[in-house]
Engineer: 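My questions will all concern the structure given below.
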Amino acid sequence: MPRALPRVLLACLVAMVAAPSPAHASPGGRPYVRGSETVPVYDYADAVRESVWVQTPDDADEDGVPDRVAVDLVRPRTGPGVKVPVIMDASPYYACCGRGNESELKEYDENGVITKEPLFYDNYFVPRGYAFAAVDLTGTNRSTGCEDVGGPHEVAGAKAVVDWLNGRAPGFAADGSPVSAAAWTTGKVGMIGKSWDGSIANGVAATGVRGLETIVPISAISSWYDYMRYNGSLRASGYPNYLQAVVSDRIAQCAAVTGSLARDSADATGDYNAFWRARDYRPSASRVHASVFVVHGVNDLNVTTTQFARWWDQLADAGVPRKIWLHQTGHVDPFDVRRGAWVDTLHRWFDRWLQGLRNGVDREPRATVETAPGTFTEARDWPLPGTRPVTVRLGSGTASYTDVSLPEDEAVADPAADVPGRLALRYGPLTAPLRISGSPSVRLRVRVDRPTTQLTARLVDYGTATRVQYDRGEGVRTLDTESCWGESTAADDACYFDVAERVATTDHAVLTRGWQDAAHHVSLRFTTPLRPDRWYSITVPVNAYDVTVPAGHTLGLILTQSDPEFTEAPNTGATVEVDLARSSLTLPVTGRAALQPSSAAPHTRNGVTAESRSRHQLPNG
């Protein structure tokens, strides 16, 4: 309450000063276009606000009635013959958890008419000749059907909205009367959203639906298997059901779907099966015809960087027009990292792909990367042009370590120290800066005295530097000041607290991590128990990253087994013997890289078992 009055007053002032008079243009055309950009000509306060329920092809709750997804629309009150494209955010969070740094929820008046939509998209873009559609995913908020956590029902529901906007699916008002969008929309749709919202944008694009012209997936999932399993390692037991219960209150009506989430997700084995294939959008990258603007934090520990990197590579192979922004914080929206530049770039991106305006945004450098706190550089592509894999051996002889479920801060302590349960290797001090851009990997030749164990790898930068503290508040902090982005009403203001990166000077930082269940080393589709008397070559994929390790710093490779902070892999007490000469680290680097081991022997010692722990996370923020 203490800050409510100032925000309302500020919103009213913004509305009075910024909102122009309604457009009075001749019938038809695009009165909101000036040259190569859209401009605010419509009164946001006078916008049309309505709700439509779009029928989907599914009956997930098996009640004999086709499911319907709720679409809350805010669109400009245009003149005759004027049509606008649609920006769409399909989310499961509009009633349960909220969107954005301030966790905004949808709000309605006493008649059920939408009065407030989260985030700034409607405030900013509706005056500029766009409609904004906030869609409740199947089985959430005011939608019927069943929430199946990234699955076919969820994707089909969001796709149906694109179809309705293009006259291919039926829509209905609250009273059941048919509703058409033909009179006011061009049918061109751009989907945007962070985390789960952006994941569904990926899924809908992978259907190849016509009318979806662009997507902007922010910190988004491209494979739900990789989100809930790290190369066969279980992230958290019962994760699909947990997520369903958080976002949906229709569990009782959805016994079949809820049962499938528990049964078919194969917690017991960690295998990749039909359940996960239905939630893996990457194999359908060749069907994507929408342009894609990827945004991700390289230190995102919720939706890890593998999610964007593998999707990005497959989109590139398919020739999809694309752009990428990478920043150094965690699971954070770019609106809360680099606000002004983000809004301007997003505006130009939508103008290009939804309005067809030739503003050059698609001819600019494809990649924008934060290389130091607050410092952004541009490149022709990502990984950086000229990046090549450099492989170095881990050493000579053999070394062994026994699982003790080391917490990360203990695992990455002084690499020269004798720490139970880890294998610590050092490269450096570096004689020149080392730019890593892409996906590293560790190839291990191992012998294990148990049928399986988890193998965990971390790359660590040892050296003093000012860094983003991504382990605290995802690397950002909310300030007391506000800024406004678009027009406001008393019910829905466009003003948000400013946000700054959390930075601190530290003597080391974990750059990136990777996990591999050893029994899944042949294929994720099934487990293959290890024989204690046999050597195996197992690759541990490491999450994609982009960083420059300064000259004088040391790059550390820390190997452990179970990881109580990130997975539920049990502490098996296994002892892993590593053939160092036949094991290697591969880094994607630019320039001339010279990595030399700091010492002839790695530092390792066996230890005793410790209790493990894990945590659930929402693909949200």
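Side chains included, hydrogens not; waters and symmetry mates left out as well; all remaining heavy atoms used.
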Engineer: Answer with yes or no whether the side chains of Gln307 and Thr305 bring together a donor and an acceptor at under 3.5 Å.
Structural biologist: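 There is no such pair (donor and acceptor under 3.5 Å, judged by atom type) between the side chains of Thr305 and Gln307.
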
Engineer: Looking at residues at least two apart in the chain, or sitting in another chain, which of them share a ring pair (Phe, Tyr, Trp, His ring centres under 6.0 Å) with Trp382?
Structural biologist: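 Scan of Trp382 (ring pair (Phe, Tyr, Trp, His ring centres under 6.0 Å), adjacent residues dropped) gives Phe308.
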
Engineer: Are Thr478 and Asn101 close enough that a side-chain donor and a side-chain acceptor fall under 3.5 Å?
Structural biologist: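 Side chains of Thr478 and Asn101: pair found under 3.5 Å.
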
Engineer: Would you call Asp546 and Arg435 a salt bridge, using N to O less than 4.0 angstrom?
Structural biologist: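 Salt bridge present between Asp546 and Arg435.
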
Engineer: Does the side chain of Trp515 pick up a donor-acceptor pair with the side chain of Gln561 at under 3.5 Å?
Structural biologist: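 There is no such pair between these side chains.
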
Engineer: Please list, chain by chain and in numerical order, all residues satisfying side chain to side chain donor-acceptor pair (under 3.5 Å) with Asp148, sequence neighbours excluded.
Structural biologist: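 By the side chain to side chain donor-acceptor pair (under 3.5 Å) rule, Asp148 matches no residue at all.
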
Engineer: Quick test of your reading of the model: are Asp333 and Lys194 salt-bridged, counting only N-O distances below 4.0 Å?
Structural biologist: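 Salt bridge absent between Asp333 and Lys194.
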
Engineer: Give a yes-or-no answer on whether the side chains of Thr466 and Thr505 include a donor-acceptor pair shorter than 3.5 Å.
Structural biologist: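 There is such a pair (donor and acceptor under 3.5 Å, judged by atom type) between the side chains of Thr466 and Thr505.
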
Engineer: Quick check on Arg277: does its CZ atom have over 12 non-hydrogen neighbours (other residues, nucleotides or ligands) under 6.0 Å away?
Structural biologist: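 Correct, the count exceeds 12.
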
Engineer: With sequence neighbours excluded, tell me which residues meet ring pair (Phe, Tyr, Trp, His ring centres under 6.0 Å) with His153.
Structural biologist: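 Once residues adjacent in sequence are excluded, His153 has no partner under the ring pair (Phe, Tyr, Trp, His ring centres under 6.0 Å) criterion.
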
Engineer: Can you name the residues that form a ring pair (Phe, Tyr, Trp, His ring centres under 6.0 Å) with Tyr462, not counting sequence neighbours?
Structural biologist: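 Tyr462: ring pair (Phe, Tyr, Trp, His ring centres under 6.0 Å) contacts with His508.
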
Engineer: Residues two or more places apart in sequence or in another chain: which of them pass ring pair (Phe, Tyr, Trp, His ring centres under 6.0 Å) with Tyr272?
Structural biologist: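 Listed in chain order: Tyr225.
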
Engineer: Passes side chain to side chain donor-acceptor pair (under 3.5 Å), Glu474 versus Thr329? Steps please.
Structural biologist: CA-CA 6 Å; Glu474 301 291 349; Thr329 66; over 6 Å; no

Engineer: Just one of Val216, Ile218, Ile324 clears the side-chain contact (heavy atoms from CB on, under 4.5 Å) bar with Phe293, so which one?
Structural biologist: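 Looking at Val216, Ile218, Ile324, the match for Phe293 under the side-chain contact (heavy atoms from CB on, under 4.5 Å) is Val216.
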
Engineer: Output all residues satisfying side chain to side chain donor-acceptor pair (under 3.5 Å) with Gln516, sequence neighbours left out; order by chain, then residue number.
Structural biologist: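 In terms of side chain to side chain donor-acceptor pair (under 3.5 Å), with neighbours along the sequence ignored, Gln516 is linked to no residue.
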
Engineer: Among side-chain atoms of Ser562 and Asp403, is any donor-acceptor pair under 3.5 angstrom?
Structural biologist: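 Short answer, yes.
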
Engineer: Under 3.5 Å, is there a donor on one side chain and an acceptor on the other for Glu370 and Thr375?
Structural biologist: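 Thr375 and Glu370 do not have a side-chain donor-acceptor pair below 3.5 Å.
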
Engineer: Please confirm whether the backbone N or O of Gln244 pairs with a side-chain atom of Ser248, one donor and one acceptor, at under 3.5 Å?
Structural biologist: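 Side chain of Ser248 to backbone of Gln244: no pair is present.
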
Engineer: Would a distance-only check, ignoring hydrogens and angles, find a side-chain to backbone donor-acceptor pair under 3.5 Å from Ser199 to Ile221?
Structural biologist: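 Such a contact is found between Ser199 side chain and Ile221 backbone.
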
Engineer: What pair of heavy atoms forms the shortest contact from Ser233 to Thr567, and how long is it?
Structural biologist: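 Shortest heavy-atom contact: CB-CG2, 4.5 Å.
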
Engineer: Holding to side-chain contact (heavy atoms from CB on, under 4.5 Å), I want the full list of residues that pass it with Arg472, two or more places apart in sequence or in another chain.
Structural biologist: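 Per chain and number, Arg472 pairs via side-chain contact (heavy atoms from CB on, under 4.5 Å) with Arg502.
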
Engineer: Give every residue pair that meets the salt bridge (charged side-chain N to carboxylate O under 4.0 Å, His left out) criterion with at least one member in residues 456-468, sequence neighbours excluded.
Structural biologist: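 Applying salt bridge (charged side-chain N to carboxylate O under 4.0 Å, His left out) to every pair that reaches into residues 456-468, excluding sequence neighbours, yields Glu408-Arg458, Arg458-Asp563, Asp461-Arg467.
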
Engineer: Heavy atoms only: give me the nearest Trp196-Val149 pair and the separation to one decimal.
Structural biologist: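 Minimum heavy-atom separation between Trp196 and Val149: CZ2-CA, 3.8 Å.
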
Engineer: Could you name each residue pair satisfying salt bridge (charged side-chain N to carboxylate O under 4.0 Å, His left out) that touches residues 278-288, not counting sequence neighbours?
Structural biologist: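 Sorted pair list: Asp226-Arg282.
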
Engineer: What is the minimum heavy-atom distance between Pro429 and Gly552, and which atoms define it?
Structural biologist: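 Heavy-atom minimum between the residues: CB-O, 3.6 Å.
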
Engineer: Checking side-chain polar atoms at under 3.5 Å, does Asn543 have a donor or acceptor matched by the opposite partner on Thr306?
Structural biologist: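 Asn543 vs Thr306: donor-acceptor pair found between side chains.
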
Engineer: Taking Ser260 for the side chain and Ala256 for the main chain, is one N or O donor matched with an acceptor at less than 3.5 Å?
Structural biologist: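 Side chain of Ser260 to backbone of Ala256: no pair is present.
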
Engineer: Indicate every side-chain donor-acceptor pair of residues 440-449 with a distance under 3.5 Å to a residue at least two apart or in another chain.
Structural biologist:
| from | atom 1 | to | atom 2 | distance (Å) |
| --- | --- | --- | --- | --- |
| Arg443 | NH1 | Thr539 | OG1 | 2.7 |
| Arg445 | NH1 | Ser537 | OG | 3.0 |
| Arg447 | NE | Glu577 | OE1 | 3.3 |
| Arg447 | NH2 | Glu577 | OE1 | 3.0 |
| Asp449 | OD1 | Thr575 | N | 2.9 |

Engineer: Would you mind listing every ring-ring contact (aromatic ring centres under 6.0 Å, His included) that reaches into residues 533-562, with sequence neighbours excluded?
Structural biologist: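 Of all non-adjacent pairs touching residues 533-562, those that pass ring-ring contact (aromatic ring centres under 6.0 Å, His included) are His521-Tyr536.
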
Engineer: Is the backbone N or O of Ala205 less than 3.5 Å from a side-chain atom of Asn202, with the two atoms forming a donor-acceptor pair by type?
Structural biologist: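 Answer holds: no.
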
Engineer: Rounded to the nearest 0.5 Å, what separates atom CG in Asp267 from atom CZ in Arg235?
Structural biologist: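 The CG atom of Asp267 sits 13.5 Å away from the CZ atom of Arg235.
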
Engineer: Will you find, in the side chains of Glu147 and Thr138, an N or O donor that is under 3.5 Å from an N or O acceptor?
Structural biologist: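 Side-chain D/A pair, Glu147 to Thr138: absent.
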
Engineer: Is there a donor-acceptor contact under 3.5 Å from the side chain of Asp381 to the main chain of Leu384?
Structural biologist: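 Looks like no, no N/O pair under 3.5 Å.
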
Engineer: Sub-3.5 Å donor-acceptor pair from the side chain of Asp579 to the main-chain atoms of Thr398, do we have one?
Structural biologist: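 Between the backbone of Thr398 and the side chain of Asp579 there is no qualifying donor-acceptor contact (under 3.5 Å).
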
Engineer: Can you name the residues that form a side chain to side chain donor-acceptor pair (under 3.5 Å) with Thr140, not counting sequence neighbours?
Structural biologist: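 So Thr140 forms no side chain to side chain donor-acceptor pair (under 3.5 Å) with any residue.
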
